[in-house]
Amino acid sequence: MCSLQESLSPPPFGMVTVKEHNGDLITKNEKEASIHETAGLQGVQLPKVVASTEILASLAIDESAQSAFLPNKGDIPFWKRAWYSCKEHGMSGMLEEMTDERHDVPWPVSSVAFSCLTAIRAVSSLQGSIYPHMTLTRDELLSEFSRVRDWEESEIRAFAWHPHTSKCAVAWENDSVKIYSAESDVVPSLKHRYQHGVTCLAWKPFSAAILAIGCQTCVLVWHLDPTSQSTRPSAGSAQVLRHVSNSPVTTLAWDPRGRLLISASPWDTVMMVWNVPREISYTLGRGGGGGVSLLQWSPDKTRLLAATPTSIFRVWETHHWTCEKWTQLSGRLQAACWSPDSQILLFCSVSEPAIFSLNFNNMKPGVAGTGGAQTAVKCGDVSTVTFDVDDEEVRVGGLIQDMAWDPRGERLAVLFQKTSDEDHADNLIALFNTRLQPVLELIPCGFIQSESGEEPQLISFQPNFDKGALLTICYKSGKVKFLPLFFISTQSLNEQSRPPLQAQSGWTHHNSLELYSVND
C-alpha cells in the first residue's frame, strides 16, 4: 500500500508545475510558468477557455433579477399565488400558502391544507433522521453532491471533455454553458429557462454535438450544429427530459455506445433511463440508500456504478440489469473511476483518507452477477502528511474530493477537500503513477502546484490525448489550465518489445477492507 509520506516534497512557494516529463514534474517560477506552459503545448490543438466580460459581469452581481421586484399579493388571485408557490417551492410551498392566507381560503380547504402540511413535515422529519441529506435545501444538496470542491463559490460549476474531439463544455456560475473548440473561434452560449442549478455535463458518444445538462428540475439535451457560426443557439435546440421525482439532477451518464442516458438525484431512489429520441424514460433502482449520488459506466459498457448518499453502493451488469451491492463503507462513496479494461474500480469514501480498489472478473455469458470481488483492497493511504519545504512546514493530504484516472490507466490525479487549517496546502493535487499488471500498483509521483491564489475545484483528463495524458484543472476564479503529462506508455513499450520501465519504488496493495457483496 502506498502512502503520501513516500512522495517527493511539494514545490517551494512561488513555483508552478508546468508539465511532467517521463515521471519528473517540472516546475518554474510564476513569472516564467505561462511561457513554459505555452511552449510545452506547441503543436497541440486545445480550446481557449476564457471567461467573457458578460460572464464576469454577471458573476459580480450576487442578487437575482427577482430581488428587484417587491412581492404584491393584494391584486393577485389566491389560486394564482398558490400555483406560483407550487412551481417555486413544490407541494409544501403551496400548502404553506394555503395555510398562511386563511382569510382568502375557505375554512375546509385551509384545514385540509394544514393537516396535509403537518403530515408532510412529520414524514420529512422521520425521513431526515434516517437520511440526513433529505433535510438539505436544494442549493445545499447541489453543493454537497457536486464534483466541484466549492460549488456555491466557484465560477465554474461543471466541465466535460468531448470524447472524440478537442472540444469541451463549461458551465458557469450564471447557469450559462459555453462550448469551446480548438478548431473554431466561435463560442456557442447555451441558455434555457429551465437551465438553473447546473451540476453536471455529459457529451453523447459517437455524436458531434449532443450535450446533456443536469439541472435543478430536469435534464436538457442540446442538439447543436457543429458547422453553425451562431453564438446563441435557439432554445428549440434543447430537449427537456423531466420526471416528477427525479430532481435535482446531480449526475448524468451516457452509455459508451450513446444509446441510453441515465440521470439520478440524491432525493430519488431510482435512476431514470432515457430513450432520448423518443423522450421515454424507464425506472431502474433498488430500495435502500436514500437516493443516487454518482453514476459511472465502465469503458466496456458491461457495468454501471451507482453510489448512494449512504454507505451503500451498487454495481449493475447491463445485460440482464441485475446488481450487487457493497456495504460497510465508513461513509458514502465520494469519487470513483474505472480502469481502461473495466477490471478495476478505484473509489474513496467521504470520511476516510484512503483509496480502495475493487476487482471484477470477465463476465461469462449466462452467468448471473457482476463478477465483483467481495473484498475491497485499501491500495493508497492519503492521510495528511507534513513536509519541510524551505524551512517551512507544509501539510498536504486528507479527505478526497475527486479522482481522475487517465484513459491509459497510467496516471491518477487526486484532488483533496478544502480544510480550514492555515498551514494546509489547498492548491496541491497529488499525482500517482499506476500499473495494472501483474497487480495494481499506485506509485506517488509528486504534487502539482498551482499559481498562488488559485484554488483547484475540478479535475479531469482529456479522453483523446496521444502524447501521454492531459490533465485539466478548473479553478475557483474561472481559469482552466491544461497540464501536459508527457510519458511513454507501457502499452507502447510492450508493442515495441522493450522491457517495461522499472519503478525505483512501489507499493502493492495488501490491506483489505471487508465489503460484503450482496446480490440485490
Side-chain angles (χ1 to χ4, degrees), residues 4 6-51 149 154-156 159 161 166 168 180 182 385-397 402 404 406 410-416 418 423-433 443-462 465-489 501 503-504:
L4 288 181
E6 305 298 331
S7 178
L8 297 175
S9 298
F13 181 78
M15 302 297 287
V16 179
T17 306
V18 295
K19 65 179 179 180
E20 178 203 333
H21 182 70
N22 288 335
D24 297 325
L25 292 174
I26 309 300
T27 60
K28 299 293 179 180
N29 62 55
E30 292 192 8
K31 294 182 179 179
E32 301 176 356
S34 59
I35 299 175
H36 285 273
E37 287 174 1
T38 303
L41 290 171
Q42 282 186 352
V44 180
Q45 287 190 329
L46 294 173
K48 296 180 181 180
V49 181
V50 179
R149 187 162 70 174
S154 177
E155 295 185 6
I156 294 179
F159 181 94
W161 276 108
S166 187
C168 62
Y180 302 89
V385 297
T386 302
F387 292 94
D388 187 7
V389 181
D390 288 347
D391 297 329
E392 293 186 6
E393 290 188 350
V394 176
R395 301 177 69 235
V396 61
D402 197 14
D406 84 289
E410 300 199 34
R411 295 294 184 271
L412 177 71
V414 176
L415 175 66
F416 300 102
K418 187 176 180 179
D423 60 343
H424 197 280
D426 290 329
N427 64 337
L428 294 178
I429 297 172
L431 185 67
F432 296 84
N433 293 348
I443 307 170
C445 183
F447 297 97
I448 298 169
Q449 181 159 278
S450 305
E451 293 83 350
S452 58
E454 294 285 3
E455 296 182 18
Q457 299 289 310
L458 188 64
I459 55 175
S460 66
F461 281 101
Q462 186 182 23
F465 189 72
D466 58 0
K467 297 183 179 181
L470 185 69
L471 178 64
T472 307
I473 308 173
C474 299
Y475 293 100
K476 189 175 182 178
S477 64
K479 177 182 177 180
V480 177
K481 178 178 180 178
F482 303 118
L483 185 71
L485 309 177
F486 298 116
F487 58 86
I488 301 176
S489 67
L501 295 175
Q504 294 181 353

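This one's a predicted model, so the numbers in the text were calculated from it and none came from an experiment. Below, all heavy atoms of this structure are taken into account, side chains as well, without hydrogens, waters or symmetry copies.
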Discussion item. According to salt bridge (charged side-chain N to carboxylate O under 4.0 Å, His left out), who are the partners of R149, at least two apart in sequence or on a separate chain?
Written reply: none

Practice prompt. Only counting residues at least two apart or in another chain, list the ones meeting salt bridge (charged side-chain N to carboxylate O under 4.0 Å, His left out) with K481.
Written response: E37

Practice prompt. Would you please test L46 and Q462 for side chain to side chain contact (heavy atoms under 4.5 Å, CB included) and show each step?
Written response: CA-CA 10 Å; L46 294 173; Q462 186 182 23; 4.0 Å; yes

Just how far is it from atom [atom1] of [X] to atom [atom2] of [Y], taken to the nearest 0.5 Å?
| X | Y | atom1 | atom2 | value |
| --- | --- | --- | --- | --- |
| E20 | F486 | CD | CZ | 10.0 Å |
| K19 | H21 | NZ | NE2 | 7.0 Å |
| W161 | S460 | CH2 | OG | 7.5 Å |
| T472 | L458 | OG1 | CG | 9.0 Å |
| D390 | F13 | CG | CZ | 11.0 Å |

Give the table of side-chain donor-acceptor pairs shorter than 3.5 Å for residues 443-452, with sequence neighbours excluded, one pair per line with atom names and distance.
| unit_1 | atom_1 | unit_2 | atom_2 | d |
| --- | --- | --- | --- | --- |
| Q449 | NE2 | P12 | O | 2.9 |
| Q449 | NE2 | M15 | O | 2.7 |
| S450 | OG | Y475 | OH | 2.8 |
| E451 | OE2 | K479 | NZ | 3.0 |
| S452 | OG | E30 | OE1 | 3.4 |
| S452 | OG | E30 | OE2 | 2.9 |

Fill in: Candidate pair I459 and I429, rule side chain to side chain contact (heavy atoms under 4.5 Å, CB included), full reasoning
CA-CA 9 Å; I459 55 175; I429 297 172; 3.7 Å; yes

Fill in: Any N29 side-chain heavy atom under 4.5 Å of V16 side chain
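A side-chain contact under 4.5 Å is absent here.
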
Item to complete: Measure from NZ or CZ of R411 to the centre of the six-membered ring of F487, then state whether that distance is under 6.0 Å and the direction lies within 45° of the axis.
Response: yes

List the atom of [X], the atom of [Y], and the distance in Å for their closest heavy-atom pair.
| X | Y | result |
| --- | --- | --- |
| L428 | A425 | CD1-CB, 3.5 Å |
| C474 | V480 | SG-CG2, 4.2 Å |
| Y180 | V50 | OH-O, 3.5 Å |
| P11 | T27 | CG-CG2, 3.8 Å |

Worksheet item: Do E454 and S477 have side-chain atoms, one donor and one acceptor, less than 3.5 Å apart?
Response: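 A donor-acceptor contact under 3.5 Å links the two side chains.
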
Discussion item. Tell me if a side-chain donor or acceptor on S9 pairs with a main-chain N or O of F387 at a distance below 3.5 Å.
Written reply: no

Item to complete: List the steps, then state whether side chain to side chain contact (heavy atoms under 4.5 Å, CB included) holds for L431 with L412.
Response: CA-CA 6 Å; L431 185 67; L412 177 71; over 6 Å; no

Practice prompt. Kindly write out the residues that satisfy side chain to side chain donor-acceptor pair (under 3.5 Å) with D406, not counting sequence neighbours, or none if the list is empty.
Written response: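 Testing D406 for side chain to side chain donor-acceptor pair (under 3.5 Å), a comparison that skips the adjacent residues, returns none.
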
Fill in: side chain to side chain donor-acceptor pair (under 3.5 Å) partners of D426, counting only residues at least two apart
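With neighbours one apart ignored, the set is H424.
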
Worksheet item: Only one of I473, L471, V49 clears side chain to side chain contact (heavy atoms under 4.5 Å, CB included) with F482; which?
Response: V49

Item to complete: Output all residues satisfying ring pair (Phe, Tyr, Trp, His ring centres under 6.0 Å) with F461, sequence neighbours left out; order by chain, then residue number.
Response: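 For F461, no residue satisfies ring pair (Phe, Tyr, Trp, His ring centres under 6.0 Å) once neighbours in sequence are set aside.
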
Worksheet entry | Worked verdict on K476 versus E155 for side chain to side chain contact (heavy atoms under 4.5 Å, CB included) | CA-CA 6 Å; K476 189 175 182 178; E155 295 185 6; over 6 Å; no

